[in-house]
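Note on naming: letters A, B, ... go to the chains in the order of the sequence lines (proteins, then strands), and numbering restarts at 1 for each one. Worth knowing before you read on, the calculation uses all heavy atoms, side chains too, and leaves out hydrogens, waters and symmetry mates.
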Amino acid sequence: MSMVATATSPPPSILSFIEIANSISQLHQAHAFMLKSGHFRNPFASSRLLTKATSPPISSPDTLSYALSIFTHTEEPNSYIYNTIIRAYSTSPFPQLALIIFLKLLNSVNKVFPDKYTFTFIVKACATMGNVKQGEQVHGLVTKIGLDEDVYVYNTLIHMYAKCGRFDVSRGMIDGLVEDDVIAWNALLSVYVERGLFEFARELFDEMPVRNVESLNFMVSGYVNVGLVDEARKVFDEMLVKDVVSWNVMITGYTKADKFDEVLGLFEDMLRAKVKPDNCTLVNVLSACAGVGSLSQGKWVHAFIERNGIEVHDFLATALVDMYCKCGCIEKALEVFNGTLRKDISTWNAMIAGLSNHGYLDDALNTFNELIADGIKPNEVTFVSVLSTCSQGGLLSEGRRMFDLMINEYRIQPTLVHYGCMVDLLGRFGLLEEAEELLSKLPVKEAPALWESLLSASRSHNDVELAERIASKLLELDPHDSAGYVQLSNVLASMGRWGDVREVRRKMRSEGITKEPGCSMIEVDGVVHEFLAGEGIIL
DNA sequence: GTAGGGTTAG
């Protein structure tokens, strides 16, 4: 008797367990219980499960496949269940799946009909794909059913056409509105801004009969996107109403422009204006602290986070770890790292890079091994740190093993930086032929920096012929490349060809090429000092 | 009984 699965309404306890679940494993528990008790066949119960799996904070690209399995195991999905899975895929990396499920809905045996919700999600999927052909077909269906009367569907269509580059159609739909709708205007404005079409954005903005905070936020980020931070600031300063996004857009703009003092100043203004910083604010402010090397301000932000009970994971954990590492406080970085339960690959990358940059090469590699043991997939950034660690430590066999692991196990295509680490490592051991062979797999013009690296290796191994060959190759490629000139003159100097050295230097001056000095920062007693390579520090 | 449009992040 009890083996027969029923679709009876589920006990409130299981529903509230799902409601408060905050991890995928809790959902699995609920799911298993529901399968046993037969409540999974209750459409309301399974929709709660599906909604939870596809909403923050649980939803992620990984939980998508779980959500799909909930969907496929639902015998006769109702429209809510269809809509929820379509919504989940509409903004995912696989929006095509939303379309496939939509087609399944249209052909469903139990006659499920698409509604206004279905269409907002499916139009969004077309926008994500940038597939205007599909979008137009869906639009046709929308009109046929009469759902273009729905303001949500209509505005999503405006956005879809803009996303697909059909600005004319998008604009036509806005003009077709009987009543001004700021969201309709913003839908087009946002795409102009996103694409860096600032002139179009400005023109549209001036024409808009209605504007709100978001419209101005888009304009500020429009200036930021084309690199005009000062112009952005002017608009920002004139805003009468600012929300947290306004502050974040401006702060993010300064961070992108490496104007860290402005970030920190704006953060103080924000606190004075009594606007509550969110994760986005804090991530940027921490990155500014890291950028100027200000441990004291970074610590203040960390204390602020703890004081306000803000949960530290993923993005924020990464920013904290990175800040502590860049401010030279590796112990605090480790403390945050080890105290963070929800780490993503970037959090690991920040820690590995920090350890490596501070010379804790064994710890960096051990942390990498822990990551693998935890079953997390490393990405190309991870391997930059790992290979550079091997290169710094002169760990030849380890480096070769890692390079192989990256390509053959994790199927990551090495970038120039990865090749660079390998060339450096091989060069150090005088394995110049192996390095040259590795480089020859790349088109020369894509990798001048790598040839530079090999050039300095050939110099230190006194292979002057190879060095000269590479130096001329570099100059042939780019007569304005200062590194090529500097290296070439060094090679010539080491060979005692002083006349040629003078000739190279003269040519550099005539081409207006100067060698850019390196620059470093250090904080002493709360004051950040910046100095150029070759300069002394005066305390 | 549940839901939807335009927005900032390492």
Side-chain angles (χ1 to χ4, degrees), chain A residues 9-10 12 15 18-19 42-52 54-55 78-88 90-91 115-124 127 147 150-160 162-163 170 174 181-194 208 211-222 224-225 232 242-256 277-288 290-291 313-323 326 343-350 353 381:
Chain A
S9 61
L15 290 182
I18 295 173
E19 265 357 280
N42 176 282
F44 186 72
S46 58
S47 1
R48 292 324 300 146
L49 197 63
L50 187 57
T51 300
K52 262 295 190 177
T54 53
S55 324
N78 58 23
S79 62
Y80 181 91
I81 292 178
Y82 268 111
N83 291 348
T84 307
I85 193 73
I86 291 173
R87 181 189 52 150
S90 68
T91 51
D115 56 18
K116 52 190 182 166
Y117 297 105
T118 321
F119 283 106
T120 50
F121 305 142
I122 206 66
V123 171
K124 212 174 188 181
L147 281 172
D150 186 89
V151 64
Y152 288 86
V153 176
Y154 197 88
N155 286 339
T156 320
L157 281 165
I158 292 175
H159 184 239
M160 182 275 294
K163 267 283 203 191
S170 179
I174 294 173
D181 184 347
V182 70
I183 303 227
W185 290 93
N186 284 352
L188 177 56
L189 184 68
S190 72
V191 177
Y192 281 148
V193 164
E194 191 182 275
M208 282 166 64
R211 297 176 191 132
N212 62 6
V213 201
E214 282 79 17
S215 321
L216 279 146
N217 289 348
F218 284 130
M219 290 311 286
V220 175
S221 68
V224 163
N225 283 354
K242 297 184 180 87
D243 63 8
V244 65
V245 175
S246 323
W247 290 92
N248 286 348
V249 168
M250 199 61 239
I251 285 176
T252 310
Y254 278 135
T255 308
K256 280 188 200 147
D278 64 6
N279 275 20
C280 177
T281 326
L282 297 167
V283 164
N284 277 287
V285 171
L286 284 169
S287 141
H313 36 231
D314 303 340
F315 268 55
L316 197 52
T318 307
L320 274 169
V321 168
D322 187 53
M323 180 277 292
K326 295 210 170 117
K343 302 190 256 267
D344 63 14
I345 185 63
S346 299
T347 321
W348 288 88
N349 289 347
V381 179

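Across B:dG10, B:dA9, B:dG1, the shortest atom-to-atom separation from the side chain of A:Ser346 is found for B:dG10. Among the nucleotides B:dA9, B:dT8, B:dG4, the one closest to the side chain of A:Val153 is B:dG4. Of the candidate nucleotides B:dT2, B:dT8, B:dG4, B:dT8 has the atom lying nearest to any side-chain atom of A:Val249. Checking B:dG6, B:dT2, B:dG10 against the side-chain heavy atoms of A:Asn186 singles out B:dG6 as nearest. The side chain of A:Asn279 approaches B:dA9 more closely than any other nucleotide in the set B:dT2, B:dG6, B:dA9.
Residue contacts shown for A:Val191 are absent, as no nucleic acid heavy atom lies under 4.0 Å away. Within 4.0 Å (heavy atoms only), A:Lys256 reaches sugar-phosphate atoms of the nucleic acid but no base atom. Contacts of A:Asn225 with the nucleic acid, taken as non-hydrogen atoms under 4.0 Å apart, are absent. The residue A:Ser190 sits close only to the backbone: its heavy atoms come under 4.0 Å of sugar-phosphate atoms, none of a base. Among the protein residues, A:Asp181 comes within range of the nucleic acid bases, having at least one heavy atom under 4.0 Å from a base atom. Using a 4.0 Å heavy-atom cutoff across all strands shown, A:Leu15 reaches at least one base atom of the nucleic acid. Base contact: A:Asn83 has a heavy atom under 4.0 Å from a base atom.
Between the P atom of B:dG10 and the CG atom of A:Asn349 lies a distance of 14 Å, rounded to the nearest Å. B:dG6 atom P lies 16 Å from atom OH of A:Tyr154, rounded to whole Å. B:dA9 atom P lies 19 Å from atom CG of A:Leu320, rounded to whole Å. The distance between atom CD of A:Glu19 and atom P of B:dG1, rounded to the nearest whole Å, is 16 Å. Rounded to an integer number of Å, the gap from A:Arg87 CZ to B:dG4 P is 6 Å. At whole-Å resolution of the value, CH2 in A:Trp185 and C1' in B:dG6 are 14 Å apart. Between A:Asn217 atom CG and B:dT7 atom P there is a gap of 12 Å when expressed in whole angstrom units. Rounded to an integer number of Å, the gap from CD1 of A:Ile183 to P of B:dT7 is 10 Å.
Judged by atom type and distance alone, A:Asp150 reaches the base of B:dG4 through a side-chain donor-acceptor pair under 3.5 Å. Judged by atom type and distance alone, A:Asp344 reaches the base of B:dG10 through a side-chain donor-acceptor pair under 3.5 Å.
Using modelled atom types, one side-chain atom of A:Thr51 and one backbone atom of A:Ser47 make a donor-acceptor pair closer than 3.5 Å.
Residues meeting the side chain to side chain donor-acceptor pair (under 3.5 Å) test with A:Thr281, sequence neighbours left out: A:Asn248, A:Asp278. The side chain to side chain contact (heavy atoms under 4.5 Å, CB included) check on A:Ser246 picks up A:Val213, A:Asn217, A:Phe236, A:Met239, A:Lys242, A:Asp243, with sequence neighbours excluded. Scored by the ring pair (Phe, Tyr, Trp, His ring centres under 6.0 Å) test, A:Tyr154 finds no partners at all (sequence neighbours excluded). Contacts of A:Asp314 classified as side chain to side chain donor-acceptor pair (under 3.5 Å), with partners at least two apart in sequence or in another chain: A:Arg342. Applying the side chain to side chain donor-acceptor pair (under 3.5 Å) test to A:Asp322 and every residue at least two apart in sequence or in another chain returns A:Lys326.
A:Lys52 has no side-chain polar atom (N or O) that falls below the 4.0 Å cut-off from OP1 or OP2 of B:dT2.
Non-hydrogen atoms lying under 4.0 Å from DNA chain B are contributed by A:Lys116, A:Tyr117, A:Thr120, A:Phe121, all within residues 115-122 of chain A.
Taking each heavy atom of A:Val191 and A:His159 in turn, the nearest pair found is CG2-CD2, 3.8 Å.
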